[in-house]
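Indexing begins at 1, ligand by ligand and atom by atom, following the structure's order. Nothing fancy with the numbering, it's 1 onward along the sequence. What you see below is based on every heavy atom in this structure, not just the backbone, and it leaves out hydrogens, waters and symmetry mates. Here the structure is a predicted model, which means the values were calculated and not measured.
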Amino acid sequence: MCGLGGIRIKGGIPLEGEVRIQGSKNAALPVMAAALLNRGTTVLKGCPRIADVLLMEEVLKSLGAGTSWQGDTLEIWARNISCCQVEKKLGERMRSSIVLLGSLLGRCKEAVLPFPGGCVIGSRPIDLHLKALRELGGEFVETEEGLLYGRTRGLKGAEISFPRPSVGATQNAVLGAVCAQGTTVIRGGSREPEVTWLCRFLNQAGGKIGGIGTSCLTIQGVPRLQDTVFTIPADRIAAGTYVCASAITRGKGILLEPPIKEMGALLGAYEKIGGQYAYNSGKLFLCSQRAYRPVRWMETGVYPGFPTDLQSVFLAVLTRAWGWSQIKENIFEDRFKVVPQLRKMGAQIHLEGQTARIQGGRLSGNIVRAEELRGGAALVVAGLGAQGETYVEDREFIERGYEDISRDLNCLGARTEKD
Ligand code: EPZ
(Lines give C-alpha, C1' and ligand atoms only; values in the text may rest on other atoms or scores of the structure.)
Protein backbone atom coordinates (compact mmCIF):
# COMPACT_ATOMS: atom_id res chain seq x y z
CA MET A 1 0.00 0.00 0.00
CA CYS A 2 1.56 3.30 -0.99
CA GLY A 3 1.24 6.17 1.45
CA LEU A 4 -2.01 7.97 0.66
CA GLY A 5 -1.93 10.32 3.61
CA GLY A 6 -1.31 10.46 7.29
CA ILE A 7 -2.45 11.81 10.62
CA ARG A 8 -0.79 14.76 12.38
CA ILE A 9 -1.01 14.67 16.19
CA LYS A 10 -0.19 17.44 18.66
CA GLY A 11 1.08 15.76 21.81
CA GLY A 12 0.84 16.65 25.47
CA ILE A 13 -2.84 17.59 25.69
CA PRO A 14 -4.74 15.81 28.51
CA LEU A 15 -7.92 14.45 26.89
CA GLU A 16 -11.45 15.05 28.07
CA GLY A 17 -14.74 15.37 26.22
CA GLU A 18 -16.86 12.48 25.04
CA VAL A 19 -16.98 10.10 22.08
CA ARG A 20 -19.51 7.59 20.78
CA ILE A 21 -18.05 4.16 20.01
CA GLN A 22 -18.39 2.92 16.40
CA GLY A 23 -19.78 -0.47 15.42
CA SER A 24 -17.44 -3.44 15.69
CA LYS A 25 -15.38 -4.34 12.61
CA ASN A 26 -14.83 -7.90 13.76
CA ALA A 27 -18.50 -8.43 14.57
CA ALA A 28 -19.73 -6.86 11.32
CA LEU A 29 -17.59 -8.89 8.88
CA PRO A 30 -18.82 -12.41 9.76
CA VAL A 31 -22.41 -11.17 10.03
CA MET A 32 -22.12 -9.73 6.49
CA ALA A 33 -20.86 -13.13 5.30
CA ALA A 34 -23.80 -14.79 7.07
CA ALA A 35 -26.24 -12.66 5.05
CA LEU A 36 -25.49 -14.95 2.09
CA LEU A 37 -27.44 -17.68 3.87
CA ASN A 38 -30.66 -15.63 3.68
CA ARG A 39 -32.27 -15.42 0.22
CA GLY A 40 -33.98 -12.25 1.31
CA THR A 41 -33.01 -9.00 2.99
CA THR A 42 -30.69 -8.56 5.95
CA VAL A 43 -30.55 -5.14 7.61
CA LEU A 44 -27.51 -4.28 9.74
CA LYS A 45 -27.86 -1.16 11.90
CA GLY A 46 -24.85 0.60 13.43
CA CYS A 47 -22.54 -0.83 10.78
CA PRO A 48 -19.12 0.84 10.79
CA ARG A 49 -18.21 2.54 7.51
CA ILE A 50 -14.63 1.27 7.51
CA ALA A 51 -12.47 0.05 4.66
CA ASP A 52 -12.82 -3.64 5.53
CA VAL A 53 -16.63 -3.42 5.68
CA LEU A 54 -16.77 -1.55 2.36
CA LEU A 55 -14.48 -4.20 0.87
CA MET A 56 -16.68 -7.02 2.17
CA GLU A 57 -19.63 -5.15 0.66
CA GLU A 58 -17.82 -5.14 -2.72
CA VAL A 59 -17.20 -8.87 -2.40
CA LEU A 60 -20.87 -9.59 -1.64
CA LYS A 61 -21.92 -7.49 -4.65
CA SER A 62 -19.42 -9.36 -6.87
CA LEU A 63 -21.19 -12.58 -5.83
CA GLY A 64 -24.56 -11.19 -6.91
CA ALA A 65 -25.88 -9.62 -3.71
CA GLY A 66 -27.40 -6.14 -3.66
CA THR A 67 -26.48 -3.61 -0.98
CA SER A 68 -27.43 -0.10 0.07
CA TRP A 69 -26.57 2.28 2.90
CA GLN A 70 -28.82 4.64 4.83
CA GLY A 71 -26.57 6.43 7.32
CA ASP A 72 -24.94 3.63 9.32
CA THR A 73 -27.55 1.06 8.28
CA LEU A 74 -26.41 -1.42 5.65
CA GLU A 75 -29.03 -3.43 3.77
CA ILE A 76 -27.98 -6.64 2.02
CA TRP A 77 -30.27 -8.62 -0.22
CA ALA A 78 -28.99 -11.99 -1.37
CA ARG A 79 -31.80 -13.47 -3.42
CA ASN A 80 -29.65 -14.06 -6.47
CA ILE A 81 -26.19 -15.25 -5.60
CA SER A 82 -24.99 -15.95 -9.10
CA CYS A 83 -21.33 -16.58 -8.37
CA CYS A 84 -19.30 -18.45 -5.76
CA GLN A 85 -15.88 -17.06 -6.67
CA VAL A 86 -14.33 -14.24 -4.68
CA GLU A 87 -12.27 -12.19 -7.12
CA LYS A 88 -8.54 -12.45 -6.45
CA LYS A 89 -8.02 -8.68 -6.40
CA LEU A 90 -10.74 -8.26 -3.76
CA GLY A 91 -9.99 -11.32 -1.63
CA GLU A 92 -6.28 -10.58 -1.40
CA ARG A 93 -6.93 -7.12 -0.02
CA MET A 94 -8.73 -8.49 3.02
CA ARG A 95 -7.64 -11.77 4.57
CA SER A 96 -10.85 -11.96 6.61
CA SER A 97 -12.71 -12.79 3.36
CA ILE A 98 -11.89 -16.38 4.38
CA VAL A 99 -14.98 -16.18 6.59
CA LEU A 100 -17.07 -16.37 3.38
CA LEU A 101 -15.97 -20.01 2.96
CA GLY A 102 -18.55 -21.45 5.32
CA SER A 103 -21.47 -19.40 4.09
CA LEU A 104 -20.63 -19.90 0.38
CA LEU A 105 -20.47 -23.67 0.88
CA GLY A 106 -23.75 -23.49 2.77
CA ARG A 107 -25.44 -21.40 0.09
CA CYS A 108 -23.83 -22.52 -3.20
CA LYS A 109 -22.18 -25.84 -2.26
CA GLU A 110 -19.08 -24.37 -3.89
CA ALA A 111 -16.53 -21.64 -3.16
CA VAL A 112 -13.42 -20.24 -4.79
CA LEU A 113 -11.28 -17.85 -2.75
CA PRO A 114 -7.71 -16.63 -2.87
CA PHE A 115 -5.67 -18.10 -0.01
CA PRO A 116 -5.76 -15.32 2.59
CA GLY A 117 -2.02 -15.42 3.04
CA GLY A 118 -0.08 -14.01 5.90
CA CYS A 119 0.26 -10.44 7.02
CA VAL A 120 2.74 -8.45 9.05
CA ILE A 121 1.50 -9.88 12.36
CA GLY A 122 1.82 -13.52 11.44
CA SER A 123 1.54 -16.36 8.91
CA ARG A 124 -2.23 -16.60 9.51
CA PRO A 125 -2.75 -20.28 8.49
CA ILE A 126 -6.26 -21.63 7.77
CA ASP A 127 -5.77 -25.30 8.70
CA LEU A 128 -8.38 -25.10 11.47
CA HIS A 129 -10.94 -23.53 9.09
CA LEU A 130 -10.44 -26.38 6.58
CA LYS A 131 -10.46 -29.07 9.31
CA ALA A 132 -13.83 -27.92 10.60
CA LEU A 133 -15.45 -27.54 7.17
CA ARG A 134 -14.09 -30.93 6.02
CA GLU A 135 -15.82 -32.51 9.00
CA LEU A 136 -19.04 -30.89 7.80
CA GLY A 137 -18.57 -32.43 4.34
CA GLY A 138 -16.45 -29.86 2.54
CA GLU A 139 -13.67 -30.90 0.15
CA PHE A 140 -10.81 -28.51 -0.68
CA VAL A 141 -8.05 -28.34 -3.26
CA GLU A 142 -5.63 -25.70 -4.50
CA THR A 143 -6.29 -24.77 -8.14
CA GLU A 144 -3.55 -24.23 -10.74
CA GLU A 145 -4.04 -20.50 -10.30
CA GLY A 146 -3.20 -20.91 -6.61
CA LEU A 147 -6.78 -20.39 -5.46
CA LEU A 148 -8.62 -22.31 -2.76
CA TYR A 149 -11.47 -24.34 -4.31
CA GLY A 150 -14.09 -25.84 -1.99
CA ARG A 151 -17.18 -27.92 -2.74
CA THR A 152 -19.69 -30.14 -0.99
CA ARG A 153 -22.54 -32.44 -1.89
CA GLY A 154 -24.38 -30.80 0.98
CA LEU A 155 -23.02 -29.91 4.40
CA LYS A 156 -24.01 -32.36 7.14
CA GLY A 157 -23.94 -31.95 10.92
CA ALA A 158 -20.78 -33.26 12.63
CA GLU A 159 -18.83 -33.32 15.89
CA ILE A 160 -16.03 -30.75 15.57
CA SER A 161 -13.26 -30.44 18.16
CA PHE A 162 -10.73 -27.63 17.80
CA PRO A 163 -7.26 -28.59 19.10
CA ARG A 164 -6.63 -24.89 19.75
CA PRO A 165 -8.91 -21.86 19.57
CA SER A 166 -9.40 -19.80 16.42
CA VAL A 167 -11.98 -17.02 16.14
CA GLY A 168 -12.27 -17.20 12.35
CA ALA A 169 -12.31 -20.99 12.21
CA THR A 170 -15.05 -21.10 14.84
CA GLN A 171 -17.05 -18.56 12.83
CA ASN A 172 -16.58 -20.59 9.63
CA ALA A 173 -17.65 -23.77 11.41
CA VAL A 174 -20.79 -22.05 12.71
CA LEU A 175 -21.58 -20.61 9.26
CA GLY A 176 -21.15 -24.06 7.70
CA ALA A 177 -23.27 -25.75 10.36
CA VAL A 178 -26.18 -23.34 10.74
CA CYS A 179 -27.89 -24.51 7.51
CA ALA A 180 -26.33 -27.98 7.36
CA GLN A 181 -28.45 -31.13 7.49
CA GLY A 182 -28.59 -32.41 11.06
CA THR A 183 -26.92 -31.31 14.27
CA THR A 184 -23.36 -30.10 14.82
CA VAL A 185 -21.48 -29.95 18.11
CA ILE A 186 -18.44 -27.65 18.21
CA ARG A 187 -16.01 -28.18 21.11
CA GLY A 188 -13.05 -25.94 21.85
CA GLY A 189 -14.64 -23.06 19.97
CA SER A 190 -13.50 -19.47 20.58
CA ARG A 191 -15.58 -17.47 23.07
CA GLU A 192 -14.68 -14.04 21.70
CA PRO A 193 -17.65 -11.64 21.59
CA GLU A 194 -17.38 -11.65 17.80
CA VAL A 195 -18.32 -15.35 17.82
CA THR A 196 -21.10 -14.75 20.33
CA TRP A 197 -22.56 -11.88 18.30
CA LEU A 198 -22.48 -13.97 15.11
CA CYS A 199 -24.45 -16.70 16.88
CA ARG A 200 -26.92 -14.16 18.25
CA PHE A 201 -27.41 -12.79 14.73
CA LEU A 202 -27.92 -16.28 13.31
CA ASN A 203 -30.49 -17.20 15.96
CA GLN A 204 -32.32 -13.94 15.36
CA ALA A 205 -32.41 -14.88 11.65
CA GLY A 206 -33.87 -18.31 12.39
CA GLY A 207 -30.81 -20.33 13.34
CA LYS A 208 -30.90 -22.83 16.20
CA ILE A 209 -27.66 -22.45 18.17
CA GLY A 210 -27.24 -23.44 21.83
CA GLY A 211 -24.32 -22.85 24.22
CA ILE A 212 -23.73 -19.31 22.97
CA GLY A 213 -20.88 -17.65 24.89
CA THR A 214 -19.30 -20.99 25.78
CA SER A 215 -16.66 -23.04 23.96
CA CYS A 216 -19.22 -25.77 23.27
CA LEU A 217 -21.85 -24.87 20.68
CA THR A 218 -24.73 -27.12 19.58
CA ILE A 219 -26.18 -26.17 16.20
CA GLN A 220 -29.34 -27.68 14.74
CA GLY A 221 -29.27 -27.09 10.97
CA VAL A 222 -32.19 -25.12 9.46
CA PRO A 223 -33.06 -24.96 5.73
CA ARG A 224 -32.20 -21.27 5.41
CA LEU A 225 -32.04 -18.00 7.33
CA GLN A 226 -34.85 -15.44 7.40
CA ASP A 227 -34.96 -11.66 6.95
CA THR A 228 -33.92 -9.80 10.05
CA VAL A 229 -32.87 -6.39 11.35
CA PHE A 230 -29.78 -6.63 13.54
CA THR A 231 -27.73 -4.02 15.39
CA ILE A 232 -23.95 -4.41 15.16
CA PRO A 233 -22.46 -4.12 18.69
CA ALA A 234 -19.98 -1.41 19.67
CA ASP A 235 -16.33 -2.11 18.91
CA ARG A 236 -14.50 -3.25 22.07
CA ILE A 237 -11.10 -2.63 20.46
CA ALA A 238 -11.95 0.91 19.37
CA ALA A 239 -13.30 1.57 22.88
CA GLY A 240 -10.13 0.15 24.43
CA THR A 241 -8.02 2.30 22.12
CA TYR A 242 -9.72 5.44 23.47
CA VAL A 243 -9.26 4.32 27.08
CA CYS A 244 -5.53 4.09 26.27
CA ALA A 245 -5.63 7.53 24.64
CA SER A 246 -7.01 8.97 27.88
CA ALA A 247 -4.42 7.07 29.92
CA ILE A 248 -1.34 8.18 27.99
CA THR A 249 -2.38 11.85 28.22
CA ARG A 250 -3.26 11.59 31.92
CA GLY A 251 -6.59 13.15 30.96
CA LYS A 252 -10.20 12.18 31.45
CA GLY A 253 -12.89 11.37 28.89
CA ILE A 254 -16.31 9.79 28.54
CA LEU A 255 -17.07 6.90 26.19
CA LEU A 256 -20.70 6.72 25.07
CA GLU A 257 -22.34 3.25 24.76
CA PRO A 258 -19.12 1.23 24.99
CA PRO A 259 -19.45 -2.60 25.15
CA ILE A 260 -18.64 -2.47 28.85
CA LYS A 261 -19.31 -6.17 29.48
CA GLU A 262 -16.59 -7.08 26.96
CA MET A 263 -13.93 -4.70 28.33
CA GLY A 264 -13.04 -6.42 31.60
CA ALA A 265 -9.45 -7.33 30.78
CA LEU A 266 -8.58 -3.91 29.34
CA LEU A 267 -10.23 -2.02 32.22
CA GLY A 268 -8.43 -4.31 34.69
CA ALA A 269 -5.09 -3.35 33.10
CA TYR A 270 -6.19 0.31 33.09
CA GLU A 271 -6.80 0.14 36.86
CA LYS A 272 -3.44 -1.60 37.35
CA ILE A 273 -1.63 1.42 35.88
CA GLY A 274 -3.64 3.76 38.12
CA GLY A 275 -6.58 4.60 35.91
CA GLN A 276 -9.97 5.08 37.56
CA TYR A 277 -13.34 4.58 35.89
CA ALA A 278 -17.03 4.48 36.58
CA TYR A 279 -19.82 3.20 34.35
CA ASN A 280 -23.33 4.56 34.53
CA SER A 281 -26.29 4.38 32.10
CA GLY A 282 -24.26 3.81 28.98
CA LYS A 283 -21.44 6.19 29.86
CA LEU A 284 -17.90 5.13 30.82
CA PHE A 285 -16.22 7.91 32.80
CA LEU A 286 -12.40 7.80 32.72
CA CYS A 287 -9.96 9.50 35.08
CA SER A 288 -6.33 8.98 34.09
CA GLN A 289 -4.50 11.57 36.19
CA ARG A 290 -2.70 8.74 38.00
CA ALA A 291 -2.40 6.33 35.08
CA TYR A 292 1.39 6.20 35.20
CA ARG A 293 2.13 2.99 37.09
CA PRO A 294 4.10 0.25 35.26
CA VAL A 295 2.82 -3.34 34.97
CA ARG A 296 5.47 -5.83 35.99
CA TRP A 297 3.85 -8.63 33.99
CA MET A 298 0.87 -8.99 31.64
CA GLU A 299 0.07 -11.20 28.68
CA THR A 300 -2.46 -11.43 25.88
CA GLY A 301 -4.84 -14.36 25.77
CA VAL A 302 -8.04 -15.64 24.23
CA TYR A 303 -11.24 -14.06 25.55
CA PRO A 304 -11.84 -13.09 28.29
CA GLY A 305 -8.06 -12.56 28.52
CA PHE A 306 -6.33 -9.34 27.48
CA PRO A 307 -7.08 -8.92 23.73
CA THR A 308 -4.14 -9.25 21.36
CA ASP A 309 -5.67 -6.42 19.31
CA LEU A 310 -4.98 -3.99 22.17
CA GLN A 311 -1.46 -5.22 22.91
CA SER A 312 0.31 -2.66 20.69
CA VAL A 313 -1.89 0.17 21.93
CA PHE A 314 -1.30 -0.70 25.59
CA LEU A 315 2.41 -1.11 24.87
CA ALA A 316 2.39 2.53 23.72
CA VAL A 317 0.84 3.57 27.05
CA LEU A 318 3.51 1.68 29.02
CA THR A 319 6.31 3.55 27.22
CA ARG A 320 5.31 6.52 29.40
CA ALA A 321 4.93 4.64 32.70
CA TRP A 322 7.11 5.47 35.71
CA GLY A 323 9.18 2.30 35.67
CA TRP A 324 9.57 -0.92 33.69
CA SER A 325 6.80 -3.22 32.46
CA GLN A 326 6.55 -6.50 30.55
CA ILE A 327 3.97 -7.75 28.02
CA LYS A 328 3.91 -11.26 26.55
CA GLU A 329 2.09 -11.84 23.23
CA ASN A 330 0.53 -15.29 23.14
CA ILE A 331 -1.74 -15.17 20.07
CA PHE A 332 0.27 -14.00 17.04
CA GLU A 333 3.90 -14.77 16.35
CA ASP A 334 4.87 -11.35 15.05
CA ARG A 335 2.81 -8.73 16.83
CA PHE A 336 5.58 -6.41 18.01
CA LYS A 337 5.96 -4.94 14.51
CA VAL A 338 5.25 -1.44 15.80
CA VAL A 339 8.25 -1.44 18.19
CA PRO A 340 10.83 0.04 15.75
CA GLN A 341 8.45 2.93 15.02
CA LEU A 342 7.83 3.54 18.73
CA ARG A 343 11.60 3.55 19.28
CA LYS A 344 11.81 6.42 16.74
CA MET A 345 9.76 8.38 19.31
CA GLY A 346 12.17 7.55 22.10
CA ALA A 347 10.44 4.48 23.48
CA GLN A 348 12.75 2.10 25.32
CA ILE A 349 11.53 -1.38 24.45
CA HIS A 350 13.57 -4.57 24.57
CA LEU A 351 12.19 -7.63 22.76
CA GLU A 352 12.98 -11.16 23.84
CA GLY A 353 10.97 -13.72 21.85
CA GLN A 354 7.29 -13.13 22.54
CA THR A 355 7.95 -10.75 25.45
CA ALA A 356 8.49 -7.00 25.35
CA ARG A 357 10.19 -5.29 28.28
CA ILE A 358 9.39 -1.58 28.36
CA GLN A 359 11.36 1.03 30.33
CA GLY A 360 8.94 3.92 30.78
CA GLY A 361 10.07 7.44 30.05
CA ARG A 362 9.39 10.34 27.72
CA LEU A 363 8.24 10.23 24.11
CA SER A 364 9.15 12.81 21.49
CA GLY A 365 7.09 13.52 18.41
CA ASN A 366 8.48 12.18 15.12
CA ILE A 367 7.48 11.02 11.65
CA VAL A 368 6.49 7.35 11.89
CA ARG A 369 4.75 4.85 9.61
CA ALA A 370 1.74 2.62 10.16
CA GLU A 371 2.37 -0.91 8.83
CA GLU A 372 -0.81 -2.60 10.06
CA LEU A 373 -4.07 -1.67 11.70
CA ARG A 374 -3.50 -1.90 15.45
CA GLY A 375 0.15 -0.89 15.29
CA GLY A 376 -0.97 2.22 13.43
CA ALA A 377 -3.49 3.00 16.17
CA ALA A 378 -0.72 2.52 18.75
CA LEU A 379 1.42 5.14 16.98
CA VAL A 380 -1.45 7.64 17.08
CA VAL A 381 -1.90 6.99 20.80
CA ALA A 382 1.86 7.37 21.34
CA GLY A 383 1.68 10.69 19.47
CA LEU A 384 -0.91 11.93 21.96
CA GLY A 385 1.51 11.24 24.81
CA ALA A 386 4.62 12.58 23.08
CA GLN A 387 6.14 16.02 23.39
CA GLY A 388 5.71 17.99 20.20
CA GLU A 389 4.12 16.86 16.97
CA THR A 390 3.91 13.35 15.49
CA TYR A 391 2.99 12.47 11.93
CA VAL A 392 1.76 8.91 11.30
CA GLU A 393 2.10 7.99 7.63
CA ASP A 394 -0.09 5.48 5.74
CA ARG A 395 -3.28 6.07 7.70
CA GLU A 396 -5.18 3.77 5.33
CA PHE A 397 -4.02 0.85 7.49
CA ILE A 398 -5.77 2.47 10.48
CA GLU A 399 -8.88 3.21 8.43
CA ARG A 400 -9.38 -0.52 7.90
CA GLY A 401 -10.72 -0.75 11.43
CA TYR A 402 -11.43 2.77 12.72
CA GLU A 403 -14.15 4.82 11.02
CA ASP A 404 -12.31 8.08 11.79
CA ILE A 405 -9.77 7.88 14.62
CA SER A 406 -8.89 11.55 14.17
CA ARG A 407 -12.53 12.65 14.48
CA ASP A 408 -13.06 10.44 17.53
CA LEU A 409 -9.91 11.59 19.34
CA ASN A 410 -10.73 15.22 18.61
CA CYS A 411 -14.14 14.63 20.26
CA LEU A 412 -12.05 13.71 23.30
CA GLY A 413 -10.16 16.98 23.11
CA ALA A 414 -7.15 15.84 21.09
CA ARG A 415 -5.69 18.01 18.34
CA THR A 416 -5.20 15.73 15.36
CA GLU A 417 -5.79 16.19 11.65
CA LYS A 418 -5.74 13.99 8.59
CA ASP A 419 -4.04 15.10 5.39
C1 EPZ B 1 -9.59 -12.55 14.47
O2 EPZ B 1 -8.59 -12.99 13.57
C3 EPZ B 1 -9.60 -11.04 14.36
N4 EPZ B 1 -9.92 -10.66 12.99
C5 EPZ B 1 -8.22 -10.48 14.74
O6 EPZ B 1 -8.31 -9.06 14.70
C7 EPZ B 1 -7.90 -10.92 16.17
O8 EPZ B 1 -6.61 -10.47 16.50
C9 EPZ B 1 -7.96 -12.45 16.25
O10 EPZ B 1 -9.26 -12.92 15.82
C11 EPZ B 1 -7.71 -12.96 17.66
O12 EPZ B 1 -8.66 -12.44 18.53
C13 EPZ B 1 -11.20 -10.63 12.60
O14 EPZ B 1 -12.11 -10.95 13.34
C15 EPZ B 1 -11.47 -10.20 11.18
P16 EPZ B 1 -7.53 -16.54 15.05
P17 EPZ B 1 -8.44 -14.58 13.23
O18 EPZ B 1 -7.94 -17.49 13.99
O19 EPZ B 1 -9.77 -15.22 13.24
C20 EPZ B 1 -3.75 -19.33 14.58
C21 EPZ B 1 -7.75 -6.89 14.02
O22 EPZ B 1 -6.76 -6.19 14.26
N23 EPZ B 1 -4.54 -20.07 13.59
O24 EPZ B 1 -8.23 -16.58 16.38
O25 EPZ B 1 -7.61 -14.70 12.03
C26 EPZ B 1 -3.35 -17.95 14.09
O27 EPZ B 1 -2.17 -18.02 13.32
C28 EPZ B 1 -7.55 -8.36 13.69
O29 EPZ B 1 -8.94 -6.50 14.04
C30 EPZ B 1 -4.10 -21.30 13.14
O31 EPZ B 1 -3.05 -21.77 13.56
O32 EPZ B 1 -7.61 -15.06 14.49
C33 EPZ B 1 -3.14 -17.19 15.38
O34 EPZ B 1 -1.84 -17.45 15.86
C35 EPZ B 1 -6.08 -8.77 13.69
N36 EPZ B 1 -4.83 -21.97 12.22
C37 EPZ B 1 -4.16 -17.81 16.33
O38 EPZ B 1 -4.56 -19.07 15.73
C39 EPZ B 1 -6.02 -21.48 11.72
O40 EPZ B 1 -6.66 -22.15 10.90
C41 EPZ B 1 -5.41 -16.98 16.53
O42 EPZ B 1 -5.94 -16.69 15.26
C43 EPZ B 1 -6.46 -20.22 12.19
C44 EPZ B 1 -5.71 -19.53 13.13
Within the 3.5 Å criterion, strictly below it, is a donor on [X] or [Y] matched to an acceptor on the partner's side chain?
| X | Y | answer |
| --- | --- | --- |
| R395 | Y402 | no |
| E57 | T67 | yes |
| E194 | Y303 | no |

Requested in this report: Output yes when a protein non-hydrogen atom is found under 4.0 Å of atom 20 (C) of ligand 1, and no otherwise.
Outcome: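 Neighbour list for atom 20 (C) of ligand 1 is empty of protein heavy atoms (cut-off 4.0 Å).
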
Requested in this report: May I ask you to decide if the ring planes of F201 and F230 are parallel, tilted or perpendicular, using 30° and 60° as cut-offs?
Outcome: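 F201 and F230: perpendicular rings.
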
Mind checking whether [X] contacts ligand 1 via backbone (N, CA, C, O), side chain (CB onward), both or neither, at a 4.0 Å heavy-atom cut-off?
| X | answer |
| --- | --- |
| S96 | side chain |
| L128 | both |
| K25 | side chain |
| E194 | neither |

Query raised in the report: Relative to the heavy atoms of G168, which atoms of ligand 1 are at a distance of less than 4.0 Å?
Result: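 With G168 as reference, the close atoms of ligand 1 come out as 18 (O), 19 (O).
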
Query raised in the report: Near R95, which atoms of ligand 1 are under 4.0 Å from a heavy atom of that residue?
Result: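 Going through ligand 1 atom by atom, the ones under 4.0 Å from R95 are 25 (O).
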
Students should be able to answer this: which protein heavy-atom is nearest to [atom], and at what distance?
| atom | answer |
| --- | --- |
| atom 32 (O) of ligand 1 | F332 CZ, 3.9 Å |
| atom 5 (C) of ligand 1 | D309 OD2, 3.8 Å |
| atom 31 (O) of ligand 1 | R164 NH2, 2.9 Å |
| atom 38 (O) of ligand 1 | P165 O, 4.1 Å |
| atom 25 (O) of ligand 1 | R124 NH2, 3.2 Å |
| atom 36 (N) of ligand 1 | D127 OD1, 2.7 Å |

Report task. Verify the neighbour count for atom NZ of K344: are there more than 12 heavy atoms of other residues, nucleotides or ligands below 6.0 Å? Result ->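 Enclosed.
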
Requested in this report: Taking the side chain as every heavy atom from C-beta outward, state whether L148 and V112 have any pair of such atoms under 4.5 Å apart.
Outcome: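 No, side chains not in contact.
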
Report task. Evaluate the side-chain proximity of Y277 to Y270: yes if any heavy-atom separation is below 4.5 Å, no if none is. Result ->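 Y270 vs Y277: side chains touch.
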
Given [options], which has its nearest heavy atom closest to [atom]?
| atom | options | result |
| --- | --- | --- |
| atom 27 (O) of ligand 1 | P125, A27, G122 | P125 |
| atom 14 (O) of ligand 1 | N26, T308, V195, V167 | N26 |
| atom 37 (C) of ligand 1 | I98, D334, I331 | I331 |
| atom 35 (C) of ligand 1 | E372, R400, R374, R335 | R335 |

Query raised in the report: Pick one: which of V53, I232, I50 meets side chain to side chain contact (heavy atoms under 4.5 Å, CB included) with K25?
Result: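 Single pass found, and it is I50.
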
Query - With V99, the side chain to side chain contact (heavy atoms under 4.5 Å, CB included) member among M56, H129, M32 - result: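 Considering M56, H129, M32, a side chain to side chain contact (heavy atoms under 4.5 Å, CB included) with V99 is found only for M56.
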
Counting both backbone and side chain atoms, is some N or O of [X] under 3.5 Å from an N or O of ligand 1?
| X | answer |
| --- | --- |
| E333 | no |
| A169 | no |
| S166 | yes |

Requested in this report: For the pair F336 and Q311, evaluate side-chain contact (heavy atoms from CB on, under 4.5 Å) and give the outcome as yes or no after the intermediate values.
Outcome: CA-CA 9 Å; F336 289 122; Q311 178 260 98; 3.4 Å; yes

Output yes when a side-chain donor or acceptor of [X] lies under 3.5 Å from a complementary backbone atom of [Y], and no otherwise.
| X | Y | result |
| --- | --- | --- |
| E329 | F332 | yes |
| T300 | F306 | no |
| D52 | G401 | no |

Query raised in the report: At a 4.0 Å cut-off, with the gap strictly under it, does some heavy atom of Q171 reach an atom of ligand 1?
Result: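 Not so, Q171 does not reach ligand 1.
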
